[in-house]
Amino acid sequence: MTYQPKSDFLHVMHERGFVAGCTDLEGLDERLLTGTVPAYIGYDATAKSLHVGHLLNIMMLRWLQKTGHQPITLMGGGTTKVGDPSFRADERPLLDDAAIQENIDGMQGVFAKYLDYGDGPTDARMLNNAEWLDGLNYLAFLRDIGRHFSVNRMLSFESVKSRLDREQSLSFLEFNYMILQAYDFLELNRRYGCMLQMGGSDQWGNIVNGIDLTRRVAETEIFGLTTPLLTTSDGRKMGKSQGGAIWLNADMLSPYEFWQFWRNTTDADVGRFAKLYTELPVDECERLGALEGSEINEAKVILANEVTSLCHGRAAADAAHATAREVFEQGGLGEDLPTLALPASEIGDGISIVQLIVRSGLAKSGKEAKRLISEGGARIDDDAVTDAGLMIPPDRLASPVKLSAGKKRHARVTMEG
């Protein structure tokens, strides 16, 4: 990037690797220097928790606030009823109002860990686009807003074009999504003076639509800033693991499992992830990323501790680190490991090892558990399991046992009653 930002926010964004694109980098930089800039990121309420795939943008909002500007977390109470078709192969299942509100309630707690909400000029705002979308008059909306959109141009956006090129159905409901998101930006600008929308690079078309609409209707210059779509160095989508999504809510994924996800970062990603997901100084992130051999493992522990502290608190990070030390270095059975507690009535005269592996979350199916055993990856209390027909008697579960899938994934199993 030849242009060197003058504003603190854009300087941090570039230095730490957050920026994929900007609609007017110099213009945004100048605007950031003139006073507090309100900026938003939208989140549709499709699940009860945000996941690691959202964390890059949450950190973006955190840095925005730390550099003197106002973050807006826009909850998609309205747009969730439509569903974002961007780069999807099929239509999202439609949720009713109660399910959407339940999901919003689950997501709000995550933001409070990263942002300070309040009434001050740089305090974060939590808004819901149902505030203006739910009461729209359809004909008036078509007349006042729809006339500014070219169907030809909407069809050219890659997020839509890729779906049509694959001859996958795109409903008229979904096709409206980009108009509604553009309208969000216009309303946020009108109501709250919002000047900037941020999001992943897959949202570029939606962001540009909002900027064009606001320019046409309100004759206001606003901006868009996107982050790269991250993959790990081995090509996997960031935030996915063998067990599924890496949730940010502790009731959906334990702090230990969250910590372990970051501890298992590949060597090549340590420095990059430290810049994006922690607040460690950039030179320290680069130092950690340059370590090799056994020292890179210490860097991964630092990464895991820092990211977990932001999401779950320092005490949870310390407890996860202590559990990992006990499990991996001392061969113990850490109290914070994911735990499967089985009633004695379910165990009866015994329970199969395959069932235990599946129910503890170390495999998704009996077939996967049997393959794990046949490949030598399953262990019980650190002893290799070689027989997929092995039955575990109830007296073996009278005290907790440790199940392992490979070297890095573990669970406790105990019997209740």
Side-chain angles (χ1 to χ4, degrees), residues 1 4 8 11-20 51-60 62-63 66 113-114 227-243 246 248 253-332 334 336-338 377 382 404-410:
M1 181 67 63
Q4 296 299 315
D8 289 343
H11 174 74
V12 170
M13 291 296 96
H14 278 287
E15 187 178 41
R16 301 185 82 95
F18 280 87
V19 178
H51 54 71
V52 161
H54 295 110
L55 196 50
L56 190 70
N57 287 335
I58 295 174
M59 290 299 295
M60 213 175 188
R62 183 174 170 87
W63 281 113
K66 286 170 72 75
K113 298 172 186 175
Y114 291 89
T227 58
L229 294 180
L230 283 190
T231 57
T232 58
S233 59
D234 54 5
R236 288 179 291 114
K237 186 176 180 181
M238 180 60 189
K240 296 293 183 181
S241 75
Q242 286 178 300
I246 304 300
L248 304 186
L253 186 80
S254 73
Y256 172 79
E257 291 172 284
F258 183 81
W259 186 95
Q260 196 63 46
F261 169 79
W262 295 98
R263 170 60 182 82
N264 291 337
T265 297
T266 56
D267 295 2
D269 290 325
V270 171
R272 180 170 60 124
F273 287 178
K275 288 180 185 178
L276 294 171
Y277 297 109
T278 81
E279 294 175 338
L280 292 171
V282 170
D283 56 354
E284 173 66 2
C285 297
E286 292 174 346
R287 184 190 73 80
L288 292 173
L291 296 175
E292 297 178 349
S294 61
E295 289 184 325
I296 195 68
N297 290 325
E298 290 305 310
K300 293 177 186 181
V301 168
I302 293 171
L303 173 67
N305 284 340
E306 292 298 317
V307 181
T308 305
S309 293
L310 283 173
C311 189
H312 296 295
R314 179 59 68 177
D318 290 345
H321 187 192
T323 295
R325 258 199 319 268
E326 184 180 350
V327 171
F328 292 99
E329 296 173 20
Q330 300 160 19
D336 280 354
L337 280 179
D382 297 322
S404 304
K407 295 180 179 179
K408 297 179 179 179
R409 300 172 60 230
H410 307 274

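Scanning all heavy atoms of the two residues, the minimum distance from A324 to W259 falls at CB-CZ3, 3.4 Å. Here the closest heavy-atom approach between residue A317 and residue S309 is recorded as CB-OG, 3.4 Å. Across every non-hydrogen atom of P255 and A320, the tightest pair is O-CB, 4.2 Å.
Side-chain atoms of M13 and M60, non-hydrogen and from C-beta on, do get closer than 4.5 Å to each other. In this structure, the side chains of L248 and K113 stay at 4.5 Å or more apart for every pair of heavy atoms. Inter-residue side-chain proximity for R287 and E284 is flagged as met; some heavy-atom pair is nearer than 4.5 Å. Residues K300 and N264 have side chains not in contact (no heavy-atom distance under 4.5 Å, counting atoms from C-beta outward). Two residues are said to be in side-chain contact when any heavy atoms from C-beta on lie closer than 4.5 Å; Y277 and I58 fail this criterion. Considering only heavy atoms from C-beta on, D8 stays 4.5 Å or farther from W63 through its side chain. Between I302 and L280, some side-chain heavy-atom pair lies under the 4.5 Å cut-off.
Using the six-membered ring where Trp is involved, H51 and H54 have ring planes that are tilted, between 30° and 60° apart.
With respect to the salt-bridge test (charged N to carboxylate O, under 4.0 angstrom), the residues R314 and E306 qualify. Between E15 and K275 no salt bridge is recorded (no basic side-chain N to carboxylate O distance below 4.0 Å).
A distance of 9.0 Å separates CG in D267 from CD in E292, rounded to the nearest 0.5 Å. One distance of note links CG of L303 with SG of C285; it measures 9.0 Å at 0.5 Å rounding. Distance check: N57 CG to T227 OG1 gives 4.0 Å after rounding to the nearest 0.5 Å. In this structure, S254 OG and Q260 CD are separated by 9.5 Å, a value rounded to the nearest 0.5 Å. Interatomic distance, SG of C311 versus CG of L253, reported as 9.0 Å (0.5 Å rounding). Taken to the nearest 0.5 Å, the NE2 atom of H312 stands 14.0 Å off from the OH atom of Y256.
A side-chain contact (heavy atoms from CB on, under 4.5 Å) with L276 is found for exactly one of D269, L56, V307, namely L56. Each of V270, T265, L288, T266 was compared with I296 under the side-chain contact (heavy atoms from CB on, under 4.5 Å) criterion, and only V270 meets it.
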**Request:** Please test R272 against L230 for side-chain contact (heavy atoms from CB on, under 4.5 Å), starting from the C-alpha separation and ending with a verdict.
**Result:** CA-CA 11 Å; R272 180 170 60 124; L230 283 190; 3.4 Å; yes
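Under the 3.5 Å distance criterion, with hydrogens and angles disregarded, no donor-acceptor pair is assigned to the side chains of W262 and N305.
Counting only distance, with no hydrogens or angles, the side chain of R62 and the backbone of Y114 share a donor-acceptor pair below 3.5 Å. Side-chain atoms of R16 come within 3.5 Å of backbone atoms of T278 as a donor-acceptor pair (strictly under, hydrogens ignored).
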